[in-house]
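Read through the structure below, which is laid out as structure tokens, and then see the notes.
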2 protein chains.
Amino acid sequence: MRIGELAKATGVDVETIRYYEKTGLLDAPARRGNGYRVYARAHLERLSFIRHCRALDLPLADVRRLLCLVGLPRTCCAEIDQLIDVQLARVRARLLSMRALERQLVALRGQCQAPRTASRCGILHELVAAAQGEACVCHRAACEEQP
Amino acid sequence: MRIGELAKATGVDVETIRYYEKTGLLDAPARRGNGYRVYARAHLERLSFIRHCRALDLPLADVRRLLCLVGLPRTCCAEIDQLIDVQLARVRARLLSMRALERQLVALRGQCQAPRTASRCGILHELVAAAQGEACVCHRAACEEQP
DNA sequence: CTTGACCCCGTAGCCGCTCCAGGGATTCTA
DNA sequence: TAGAATCCCTGGAGCGGCTACGGGGTCAAG
Ligand SMILES: [Zn+2]
Ligand SMILES: [Zn+2]
Ligand SMILES: [Zn+2]
Ligand SMILES: [Zn+2]
């Protein structure tokens, strides 16, 4: 199986596969006489594993560790479970900040309903005013929700 | 006002301020005899503006454009409004994928309730099985929700 | 025998910082 | 007045996770 075929089979870009090899995440495969990489089933599975982990947005360092733990079946899995817990916490934190961001942007967007000149744009006006120390709609709203 | 004072006043790190100057986002300030940067009120406001935009997660290229438009008051503000619209769309897209991610991670986490050996860890088992082509809890769930 | 798809390698670029080494200036304390 | 702590300077490297590029070699179809 050549690199392009592996790429198609896994949905991972060719360049990315080479990058994974360079960083030691994927074993260097055998080569044909012409220098082309030849992949075996084991590579396919390992790369699919990586891709699946990446779909969960796990950092490559975590993926590396997981791949390592697959080869150590006697280890306690607490570390694995914790990797997922930490990732879940990261995702939830991001979720919270994205929600706040959405609210802020909606509030800001509401400042300009119809196109005018820049000097009369409610959005720009708001951003400039906030920079001069005045409370801004986007962040003022967030603060008032607190109590 | 020295760089450290500006940093404290705006909440922007000293290194970041220098970075903004290097990339032309913030004007190079005057210097004292000893080479220290001396900032004026205009810098403080400009940097506060940048920080506020960054709090909305606007890319620096957009911030740059906004700063440029502040100086062109006669321009139509449609471009400003659109910058915010695009950012809102980005945030909402991220929000959707974060929500999906949370569901997937929760499903995966549920595969291992109590610590065992790695070879019996439901999480690791799931990841490996998925790499071998079997449907995984995390992504299978997502697919079944579609219809 | 040319065209086009595929493959190789090494390096640089993206974003938005963040940190480092290796120095100089200033200010506070003992 | 010496030493320590704190500030400031510069240029450059490093982070993550790719992505793009330049300049080439290989191979099968038409
Ligand atoms: Zn407007
Ligand atoms: Zn605001
Ligand atoms: Zn487990
Ligand atoms: Zn899955």
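Quick caveat, the model's predicted, so the values are computed rather than measured. Hydrogens, waters and symmetry mates are skipped; everything else that's a heavy atom, side chains included, is used.
In this structure, the CZ atom of Arg51(A) is 16 Å from the P atom of dG17(D), given to the nearest Å. Atom CD of Glu15(B) is separated from atom P of dT10(D) by 11 Å (rounded to the nearest Å). Whole-Å rounding puts the Arg31(A) CZ to dG25(D) P distance at 17 Å. The CG atom of Leu26(A) sits 13 Å away from the P atom of dC18(D) (whole-angstrom rounding). Atom CD1 of Ile50(A) and atom P of dG16(D) are 16 Å apart (whole Å). Whole-Å rounding puts the Lys8(A) NZ to dC7(C) C1' distance at 14 Å. Atom-to-atom, OH of Tyr19(B) to P of dC15(C) comes out at 8 Å; the value is rounded to the nearest Å. Between the NZ atom of Lys22(B) and the P atom of dG12(D) there is a distance of 9 Å, rounded to whole Å.
Comparing Gly35(A) and Ala61(B) by the nucleotide of DNA chain C that holds the closest heavy atom to each, the one mapping nearer the 5' end is Gly35(A). Residues Tyr39(B) and Leu60(A) both approach DNA chain D. Their nearest nucleotides, taken by heavy-atom distance, put Tyr39(B) toward the 5′ side.
If you run side chain to side chain contact (heavy atoms under 4.5 Å, CB included) between Cys53(B) and each of Asp62(B), Val63(B), Leu83(B), only Val63(B) comes through. Checked against Arg37(B) for a side chain to side chain contact (heavy atoms under 4.5 Å, CB included), the options Glu21(B), Arg32(B), His43(B), Arg2(B) give a single hit: Glu21(B).
The shortest distance between the side-chain N/O atoms of Tyr20(A) and the OP1/OP2 oxygens of dC18(D) is below 4.0 Å. Applying the 4.0 Å criterion to OP1 and OP2 of dC17(C), one finds that Arg54(B) has a side-chain N or O inside that range. Close to dT18(C), at under 4.0 Å from its OP1 or OP2, lies a side-chain N or O of Thr16(B). OP1 or OP2 of dC27(D) has at least one side-chain nitrogen or oxygen of Asn34(A) nearer than 4.0 Å. Look at Arg37(A) and you won't find any side-chain N or O under 4.0 angstrom from OP1 or OP2 of dC6(C). Side-chain nitrogen and oxygen atoms of Arg2(A) include none within less than 4.0 Å of the OP1 or OP2 phosphate oxygen of dC6(C).
A donor-acceptor contact under 3.5 Å links the side chain of Tyr36(A) to the base of dG25(D).
Follow the hydrophobic side-chain contacts under 4.5 Å out from Tyr36(B) and you never reach Leu44(B); the two are in separate clusters.
Counting non-hydrogen atoms of other residues, nucleotides and ligands closer than 6.0 Å to CZ of Arg31(B) gives a total above 12. Atom CZ of Arg120(B) has 12 or fewer heavy atoms from other residues, nucleotides or ligands within 6.0 Å.
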